[in-house]
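Side-chain atoms are counted along with the backbone in the values below, which use heavy atoms only and exclude waters and symmetry mates.
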Amino acid sequence: MKEKAMPVWAKKVVNIFSIFQIPRVPEYGEFQKAGSRKEVVRQTSNGNVLLQLGHYLTEEEIDRMKKDLAI
C-alpha cells in the first residue's frame, strides 16, 4: 500500500512558514518549579545551614499541609 507523501515543493513551503511560528513556552510542572526554587535558595543562602541543605518548607507546601489537615 502506498503512503500518501507530500510533494517536495509542499514540504519546502511548510518549512518556510515554520520560520514565522511563535515558539511555544515550555510548561513545567509544580514539581519541577519547586525543585528549581529550592535549588536557587540552596545556592544563594548565606549562613543558614538548614537553608543550604534544603530543610525548609515553602509557602505552597505549608498551604498544602493546611488544606490536608482541614479535610
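With rounding to the nearest 0.5 angstrom, the CZ atom of Arg42 is 8.0 Å from the CG atom of Leu53. Within the model, atoms CD of Gln32 and CZ of Arg37 stand 11.5 Å from one another, a figure rounded to the nearest 0.5 Å.
Between Lys38 and Val41, every side-chain heavy-atom pair lies at or beyond the 4.5 Å cut-off. Using a 4.5 Å heavy-atom threshold, the side chains of Gln52 and Asn48 count as separate.
Looking at Arg64, Lys66, Met65 one by one, the single match for side chain to side chain contact (heavy atoms under 4.5 Å, CB included) with Asp68 turns out to be Arg64.
Looking at Gln43, its side chain never comes within 3.5 Å of a backbone N or O of Val40 through a donor-acceptor pair.
Contact check on Lys67 versus Glu60 returns no salt bridge, with no Lys/Arg side-chain nitrogen under 4.0 Å from an Asp/Glu carboxylate oxygen.
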